[in-house]
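Single-structure report; data block below.
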Number of protein chains: 2
Amino acid sequence: METRERILHESRELLREKGSAGFSMRGLAERVGVTPTALYRHFEDRDALLATLLDEGFSNFSSYLLRALSGKTPLERLRRSGIAYFDFALEHPRDYALMFMTPCADLGLQTVSESAKARMDGTFVFLVDRIKECIAAGVCIAYEPRALALHVWATVHGLASIRLNGQLAELDERAFREHVAFTLDRIEASLAPARAS
Amino acid sequence: METRERILHESRELLREKGSAGFSMRGLAERVGVTPTALYRHFEDRDALLATLLDEGFSNFSSYLLRALSGKTPLERLRRSGIAYFDFALEHPRDYALMFMTPCADLGLQTVSESAKARMDGTFVFLVDRIKECIAAGVCIAYEPRALALHVWATVHGLASIRLNGQLAELDERAFREHVAFTLDRIEASLAPARAS
DNA sequence: GTCTATAGGTGGATAGAC
DNA sequence: GTCTATCCACCTATAGAC
């Protein structure tokens with residue numbers, strides 16, 4: 001693996017282990033096995049390194065979401081989006097935390113890359129589109145798509161954050177994924193049009 | 001106000017403004033208007049100060065939740081719990097972030113006070129009780145109360161975190177509270193027993 | 001591209017005077 | 001209880017040799 005790749009890889013590990021407060025160029029250099037100076041040949045400064053991490057995270061996240069489009073019906077595509085969301089959060093917990101759970105101030109970051117912001121919006125638009133499809137197909141209440149998308153996002157993000165904060169340590173991965181399925185069931189129930197009575 | 005109170009007050013402000021990375025004893029002392037040394041007369045060290053902050057936060061949070069018990073029916077008590085949750089999150093955003101959104105590692109904390117952990121569990125038990133009531137009254141599907149409570153908590157926590165991370169800045173407080181009401185509606189719909197068809 | 005050496009800064013915490 | 005003075009650890013970042 002190239003040094004630049006190793007730096008990014010170890011950055012993720014370091015962030016997970018020590019948290020944002022414990023992330024330092026010196027500590028990183030030690031893990032990578034070079035002197036701190038060497039890092040500055042690959043990244044302009046600390047902010048640039050973290051920005052790259054964020055950027056790659058969103059890029060990767062997008063590819064997870066796109067998988068959901070192979071679903072055959074709008075409702076299935078919405079559900080697969082939810083599953084893709086948790087796939088990403090569980091397989092890349094450090095990136096997820098960095099992208100969605102860490103205020104910039106906590107990273108000591110002054111500015112966030114514009115492209116990261118744009119990708120964040122893109123993610124939300126993707127979800128809004130899934131909701132619009134469902135409304136058009138009559139499998140979801142006809143409420144403002146953005147409000148519904150926010151509700152869905154909040155629900156999956158809430159569960160993912162609780163998990164990644166270590167507050168559900170008593171559940172093994174299988175049990176957690178079962179709860180994810182339950183959550184997605186509940187989300188669908190919350191969106192379902194009133195049934196004929 | 002006594003110095004000790006002022007220290008705690010300014011700690012919250014400092015955490016909100018600068019994030020956990022920007023929280024330092026020196027910066028705090030400057031805000032309070034004393035020298036850093038003086039802080040150590042009131043708190044053994046940085047960890048003890050943050051632990052006190054956490055502890056008071058949970059204590060205050062409990063008092064918010066208890067208001068919900070004035071509801072007349074199980075469903076109303078559940079809904080009022082949700083409202084109380086957001087009341088606390090919006091009125092004490094720095095405490096909320098500290099209690100529910102910040103991994104200990106990000107604070108540079110080695111250990112979390114046991115009483116904070118216990119209060120966290122207590123909070124969850126409160127919610128489980130609200131759910132159990134609803135199940136007993138037949139207004140909620142008869143599923144595992146803990147799983148249902150986790151779902152409800154994840155949903156409100158998700159929305160609160162997104163809000164406090166500044167990602168819904170385009171909504172003013174009134175608009176946000178409207179969305180809260182919408183979210184609570186959706187939660188109730190997701191818990192409702194299948195209606196007779 | 002990586003090193004040694006170093007500048008310049010911030011942080012937690014304590015000793016001892018008042 | 002609060003101050004001045006201070007110690008020591010750790011941080012980001014750069015200059016210049018190899």
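Proteins get letters first, then strands, A, B, ... in listed order; numbering begins at 1 in each.
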Does B:T37 have a side-chain nitrogen or oxygen under 4.0 Å from the phosphate oxygens OP1 or OP2 of C:dG12?
no
So what does A:R46 hit on the nucleic acid, given a heavy-atom distance under 4.0 Å: a base, only sugar-phosphate, or nothing?
sugar-phosphate
Please report, rounded to the nearest Å, how far the P atom of D:dA13 is from the CZ atom of A:F43.
13 Å
Using whole Å, report how far CZ of B:R6 lies from C1' of D:dG1.
13 Å
Between P on D:dT14 and NE2 on A:H42, what's the gap in Å once rounded to a whole number?
15 Å
What is the distance from CG of B:L107 to P of C:dG11, rounded to the nearest Å?
16 Å
Please report, rounded to the nearest Å, how far the C1' atom of C:dG11 is from the CG atom of B:D47.
14 Å
I want to know whether B:H92 and B:Y96 have ring centres closer than 6.0 Å.
no
Phosphate OP1/OP2 of C:dT10 contacted by B:R26 side-chain N/O (<4.0 Å):
no
Rounded off to whole Å, could you give me the OH-to-P distance for the A:Y40 and D:dT14 pair?
7 Å
Does the distance from a Lys or Arg side-chain N to an Asp or Glu carboxylate O, for A:D185 and A:R79, drop under 4.0 Å?
yes
Give a yes-or-no answer on whether the side chains of B:R119 and B:S62 include a donor-acceptor pair shorter than 3.5 Å.
no
In this structure, how many angstroms lie between the P atom of D:dG1 and the CD atom of B:E2, rounded?
9 Å
Quick one: on DNA chain D, does B:T35 or A:S24 contact a more 5' nucleotide (nearest heavy atom)?
B:T35
Kindly work out whether a path of hydrophobic side-chain contacts (I/L/V/M/F/W/Y, heavy atoms less than 4.5 Å apart) joins A:V125 to A:M120.
no
Under a 4.0 Å threshold between the charged nitrogen and the carboxylate oxygen, would A:E173 count as salt-bridged to A:R177?
yes
Of all the nucleotides listed (C:dC3, D:dA13, D:dC3), which has the minimum atom distance to the side chain of A:D45?
D:dA13
Atom-pair distance (CG on B:L14; C1' on C:dT10), nearest Å
14 Å
Earlier contact from the 5' end, DNA chain D, for B:R41 and A:M25:
B:R41
